[in-house]
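Scroll down for the structure; my scribbles are underneath it.
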Amino acid sequence: MGKKVTVVGAGFYGSTTAQRLAEYDIFDTVVLTDIIDGKPAGLALDMNQSRPIEGFETKIVGVTTGTNGEGYEAIEGSDVVVVTAGLPRKPGMSRMDLLEVNAKIVRQVAENIAKYAPNAVVIVVSNPVDEMTALAQLATQFPKNRVFGQAGVLDTARFTNSIAETLAVPVKSVKALTLGSHGDTMVPVPSRCTVDGKPLSDLLPAEKIEELVVRTRNGGAEVVALLKTGSAYYAPSAAAARMAKAVVEDSGAVLPVCAWVDGEYGINGVYLGVEAQIGAEGIKKVVEDKLTDTELAGLKEAAEAVRAKQADVANL
Ligand code: APR
């Protein structure tokens, strides 16, 4: 049967994600929803008109939904739902400042997903993503493997881009990794970074690597400060679309994502940025790899930081 993906939220992140998913030309239908009257339908029409130029057959369907679930029939049968609904940051804000307002939105969206697309895999991108992912799982009551969040693919791409620019090498020469939270306790993992197979530590002094680590951790804020209105969406949508593709293609790709961790790295019962194998059922398994003592300590610190906040979302 033809594949169907829904993107909830037709703002910058959602609309670019829908466009990327459609341009893959692997879905029958991309549904794009928003609460703003006409916006998703207008964007869908515009994207459909690009089909003859870009040469893809996927149809984009734009639907306005109501807070009581009006319009959600359109998402029925979705294999994957990407949740982008929610406010973005303004300069000076941390992702955590969005917690309460986005929790209300994500809870309502998740309840409707559970009702209308009970078999879907859910990919959450709304911020703060570690908490919104935990909330989406709570509100859908889906198995934990079927709900995960986007952060690590983006943070890794930012780290990779900075390394490639610093060393003036193609991005494809660089392998990098970030784990942990999508925030202050992000854990870029220099020990897993290589350039044409050579360890990053052989190519750059420790202070320079630390500078790149810090820049990666602040990668989102750097874009927000320049844009002044809204947050990043080109790299974020590329990341979310890749993850949805790995699900529908049942690819088994290992990607850094916000996944339910229960035992790996000695960490229990928390949504956290780790590497995981992605397939039709969502997370096939969390993949553990070697970390230095400092990196492992950073990951554990991230786990405790997000655990405290994830406990709060139950009441939001
Ligand atoms: N259902 C569907 N869409 C909603 C809902 C809802 N209940 N509530 C809000 N939206 C929509 C808004 O109408 C808006 O069109 O979500 C969209 C958000 O779009 P933008 O303001 O452009 O924000 P964007 O840059 O897309 O970021 C979305 O992703 O990276 C995160 O921090 C970011 O949480 C933010 C989210």
Side-chain angles (χ1 to χ4, degrees), residues 6-21 31-44 61-72 74-75 78 81-117 122-133 135-136 139-140 149-155 157-158 181-183 186 218-241 243-244 258 313 316:
T6 292
V7 180
V8 179
F12 288 110
Y13 199 148
S15 56
T16 35
T17 302
Q19 180 195 10
R20 291 187 190 284
L21 289 167
V31 177
L32 178 63
T33 76
D34 203 287
I35 50 171
I36 301 176
D37 186 33
K39 185 174 185 187
L43 290 168
V61 178
V63 181
T64 296
T65 55
T67 37
N68 294 320
E70 301 89 340
Y72 265 91
I75 80 162
S78 297
V81 180
V82 182
V83 179
T84 80
L87 301 192
R89 288 193 271 177
K90 295 200 172 73
M93 281 174 95
S94 89
R95 294 185 180 93
M96 208 49 81
D97 295 333
L98 301 167
L99 184 68
E100 292 196 10
V101 52
N102 282 355
K104 287 196 178 61
I105 294 171
V106 169
R107 179 181 285 280
Q108 180 259 326
V109 167
E111 285 169 356
N112 283 307
I113 294 170
K115 198 159 158 199
Y116 291 93
V122 178
I123 299 174
V124 179
V125 314
S126 311
N127 275 315
V129 73
D130 304 288
E131 288 69 26
M132 293 305 105
T133 305
L135 175 59
T140 54
Q150 189 301 114
V153 175
L154 168 62
D155 297 328
R158 286 177 169 156
S181 81
H182 191 46
M186 187 187 299
N218 296 327
E222 190 180 348
V223 176
V224 171
L226 289 164
L227 292 179
K228 296 184 185 67
T229 54
S231 53
Y233 52 96
Y234 284 109
S237 62
M243 289 163 59
C258 176
V313 296
L316 293 175

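Every heavy atom of this structure was used, including side-chain atoms; hydrogens, water molecules and symmetry mates were not. When a ligand or atom number is given, it counts from 1 through the structure's own listing order.
For the pair Val82 and Ala244, the tightest heavy-atom approach, listed with the atom from each and the gap, is CG2-CB, 4.4 Å. Nearest heavy atom pair, residue Val63 against residue Gly71, reads CG1-O, 3.6 Å. Closest of all the heavy-atom pairs between Thr64 and Ile35 is CG2-O, 3.7 Å. Closest approach of Arg158 and Ala232 over heavy atoms only: NH2-CB, 3.3 Å. Of all heavy-atom pairs spanning Leu316 and Glu100, the tightest one is CD2-CG, 4.0 Å. Of all non-hydrogen atoms in Ala235 and Leu154, the two that sit nearest each other are CB-CD1, 3.5 Å.
The shortest contact between atom 26 (O) of ligand 1 and any protein heavy atom is with Tyr13 N, 2.8 Å. For atom 7 (N) of ligand 1, the closest non-hydrogen atom of the protein is Gln108 OE1, 2.9 Å. Considering only non-hydrogen protein atoms, atom 22 (O) of ligand 1 sits nearest to Phe12 N, 3.0 Å. Counting only heavy atoms of the protein, atom 28 (C) of ligand 1 lies nearest to Thr84 O, 3.0 Å.
Checked by distance only, ligand 1 and Asp34 come closer than 3.5 Å through their nitrogen or oxygen atoms. On a distance-only criterion, Arg89 and ligand 1 share no N/O pair closer than 3.5 Å. Looking at ligand 1, you'll find an N or O of Asn127 within less than 3.5 Å of one of its N or O atoms. For a threshold of 3.5 Å applied to N or O pairs, the pair formed by Ser126 and ligand 1 contains no separation below that value. Not one N or O of Ala10 is nearer than 3.5 Å to an N or O of ligand 1, by distance alone.
Comparing Leu87, Val224, Val106 against atom 34 (O) of ligand 1, the shortest heavy-atom distance belongs to Leu87. Evaluated by nearest non-hydrogen atom to atom 21 (O) of ligand 1, the leading choice among Ser15, Pro88, Gly11 is Pro88. Of the candidates Leu43, Thr16, Ile35, Asn112, it is Ile35 that places a heavy atom closest to atom 9 (C) of ligand 1. Nearest-heavy-atom check against atom 8 (N) of ligand 1 across Val109, Val129, Ile105, Leu227 picks out Ile105. With Ala240, Gly86, Ala85 as candidates, the residue nearest to atom 18 (C) of ligand 1 on a non-hydrogen basis is Gly86.
For Tyr72, the OH atom is densely surrounded, since the number of other residues' heavy atoms within 6.0 Å is greater than 12.
Contacts between Arg95 and ligand 1, counted as non-hydrogen atom pairs separated by less than 4.0 Å, are absent for every part of the residue. Using a 4.0 Å cut-off between heavy atoms, Thr67 makes no contact with ligand 1 at all.
Atoms of ligand 1 lying under 4.0 Å from at least one heavy atom of Val8, given by number and element, are 2 (C). Atoms of ligand 1 found under 4.0 Å from any heavy atom of Asn102 (numbered from 1 in listed order, with element): 34 (O).
Judged by distance alone, the side chain of Arg95 and the main-chain N or O of His182 form a donor-acceptor pair under 3.5 Å. Listed for the Asp97 side chain is a donor-acceptor partner under 3.5 Å among the backbone atoms of Ser94. Judged by distance alone, the side chain of Asn102 and the main-chain N or O of Asn127 form a donor-acceptor pair under 3.5 Å.
In summary, of the residues considered (Pro88, Ser126, Pro128), a side-chain contact (heavy atoms from CB on, under 4.5 Å) with Leu98 occurs for Pro128 alone.
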